[in-house]
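Here the structure comes first, spelled out in C-alpha cells, and everything after it is commentary.
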2 protein chains.
Amino acid sequence: MGMAWMFFSIDADGDIPIYEQIVRQVKLAVADGILVGGQMVPSVRQLASDLAINSNTIARAYQELQSDHVLEPLRGRGMVVRRDAIKRCTKARNSLVAESVRRALADALAGGMTTAELRELFEAELDRQSARIEKAKHVSGNGNA
Amino acid sequence: MGMAWMFFSIDADGDIPIYEQIVRQVKLAVADGILVGGQMVPSVRQLASDLAINSNTIARAYQELQSDHVLEPLRGRGMVVRRDAIKRCTKARNSLVAESVRRALADALAGGMTTAELRELFEAELDRQSARIEKAKHVSGNGNA
DNA sequence: GCCGCTGTACCATGACACAGGTACACCGAA
DNA sequence: TTCGGTGTACCTGTGTCATGGTACAGCGGC
C-alpha cells in the first residue's frame with residue numbers, strides 16, 4: 001500500500017530535476033531519522049505510481065542513492081537503507097546547508113548588505129521556519145504509536 | 001580598453017547559466033554602488049572578448065537587465081545604467097538573499113539540524129566572509145577617492 | 001515448476017535551455 | 001557617404017531531463 005510516503009513533495013515545474021529532488025529528500029529523511037537503517041524503501045514502480053512519475057525517473061534517483069551508499073539493493077526484493085547511511089547523510093546535509101549558506105552570504109556581501117541586515121534576515125526566517133516545524137510536530141503527534 | 005571589469009568572475013562549468021551570472025553580478029554591483037546610474041557598461045563584444053564568451057550570451061544578459069529596468073539602450077552607442085536602478089537592484093538583492101536563506105534553512109530543518117548548529121554555521125561563515133571583505137577593502141584602498 | 005514481484009539495462013522520442021555563429025539595422029565620426 | 005562601432009534577430013548544434021516502451025535476471029510464495 002502507498003500513502004506511507006506522502007511526505008515527499010515533488011515540484012515538477014521547479015528548476016531542480018525530479019530525480020534530484022528524490023535523492024535530496026531521501027537523504028534528508030535519513031539524516032533526520034525518519035528513514036532508519038534496514039528499512040525498506042518503496043519499489044520503483046510503487047513510488048512512481050504514487051507520485052505520478054515515470055518509473056525510470058525513480059530508478060535514476062535510486063541508482064544515485066545506491067552510488068552514494070545510502071541505499072542497498074536486495075536482489076528481487078527491493079531496496080533497503082544501509083545501516084551506515086545516517087552518518088553519510090548527516091555529513092551530506094551539513095555540506096549541502098553549508099554550501100547554501102556560503103552562497104547566500106557571498107551574494108549578500110557582494111551586494112553591499114550589512115552584517116546587521118543579514119543577521120536580522122537570518123533570525124527572522126529561522127524563527128518562522130522553526131515555529132512551522134514545531135507546529136507540524138504538534139499536529140502529527142505520534143502517528144505510529 | 002578592457003580590464004576595468006575584471007571583477008566579473010564567470011564559472012562556465014557551474015550549474016548557473018553564464019548569462020545568469022552576468023545578470024546577478026551586474027545587479028549586485030549596482031546594489032553595492034560599484035556601478036552608478038548613468039554609467040556606461042562595456043559593449044557586448046568587448047565584454048565577450050574580455051571574458052572569452054560568445055557575444056550572444058552577453059547580449060542575452062543585457063536583454064534581461066533591460067527587461068528588469070536596470071540597463072537602458074542608447075541606440076548605436078551602448079548600454080547605460082538607469083538612474084533608478086539602485087532601488088530595484090537593492091530590492092532584487094534582498095529577495096535573492098532571502099530566498100537563498102529560506103532554502104538553506106528549509107533543507108537544514110528538514111534534515112534534523114538543530115537551530116544551535118545552524119546559528120553556529122551561519123556565524124562562522126559570516127565571520128569568515130566578512131573578514132575576507134574587510135581585507136579586500138583594505139588592499140584596494142580608495143581607488144576612486 | 002510457475003507466476004508475480006523486484007531492480008536493471010537498453011533504445012527512442014519530445015521538450016527545453018544554453019551557447020555559439022551569422023547576418024541585419026542603427027548611430028556617430030571621419 | 002563610408003566605416004567602425006553598437007544592439008538585436010534568426011538559425012543551429014549540443015546536452016539534459018522526463019517520458020514511454022521493451023526486455024532481462026533474480027527472488028519469494030503459490
Open item on the list: Any salt bridge linking B:R60 with B:E64? Criterion: basic side-chain nitrogen under 4.0 Å from a carboxylate oxygen.
Closed with: no
Could you run down the sub-3.5 Å N/O contacts of the protein with nucleotides 7-11 of chain D?
residue	atom	partner	partner atom	Å
D:dG7	OP1	B:V44	N	3.4
D:dG7	OP2	B:V44	N	2.9
D:dG7	N7	B:R45	NH1	3.2
D:dG7	O6	B:R45	NH2	2.9
D:dT8	OP1	B:Q66	OE1	3.0
D:dA9	OP2	B:Q63	NE2	2.8
D:dA9	N6	B:N56	OD1	3.0
D:dA9	N6	B:N56	ND2	3.4

Atom CG of A:N54 and atom P of D:dA18 are separated, to the nearest Å, by 10 Å
Taken to the nearest whole Å, CD1/A:I22 to C1'/D:dC17 is 14 Å
Applied to residues 28-40 of chain A, the salt bridge (Lys or Arg N to Asp or Glu O under 4.0 Å) test, sequence neighbours excluded, yields none
Whole-Å distance, B:M40 CE to D:dT6 P, equals 9 Å
Excluding A:L118, membership of its hydrophobic cluster (Ile, Leu, Val, Met, Phe, Trp, Tyr; side-chain heavy atoms within less than 4.5 Å) reads A:V97, A:V101, A:L105, A:L109, A:M113, A:L121, A:F122, A:L126, A:I133, B:V97, B:V101, B:L105, B:L109, B:M113, B:L118, B:L121, B:F122, B:L126, B:I133
From CG of B:L47 across to C1' of D:dT6 the rounded distance in Å is 14 Å
Residues pairing under side-chain hydrogen bond (donor to acceptor under 3.5 Å, both in side chains) where one sits in residues 68-80 of chain A, two or more places apart or in two chains, turn out to be A:K27-A:D68
Residues joined to A:Y19 in its hydrophobic cluster, side chain to side chain under 4.5 Å directly or through other members, sorted by chain and number, are none
Against the side chain of A:R75, the closest entry in D:dC27, D:dT19, D:dA18 is D:dC27
Here the distance between atom C1' of D:dA18 and atom CD1 of A:I10, to the nearest Å, is 13 Å
Rounded to whole Å, the CD-C1' distance (A:E20 to D:dC17) equals 12 Å
task: Establish, with yes or no, whether the OP1 or OP2 oxygen of D:dC17 is under 4.0 angstrom from a side-chain nitrogen or oxygen of A:Y19.
output: yes
Hits for salt bridge (Lys or Arg N to Asp or Glu O under 4.0 Å) against B:R83, two or more places apart or cross-chain, chain-then-number order -> none
Taken to the nearest whole Å, CG/A:D13 to P/C:dA17 is 12 Å
Rounded to whole Å, the CD1-C1' distance (A:I16 to C:dA17) equals 16 Å
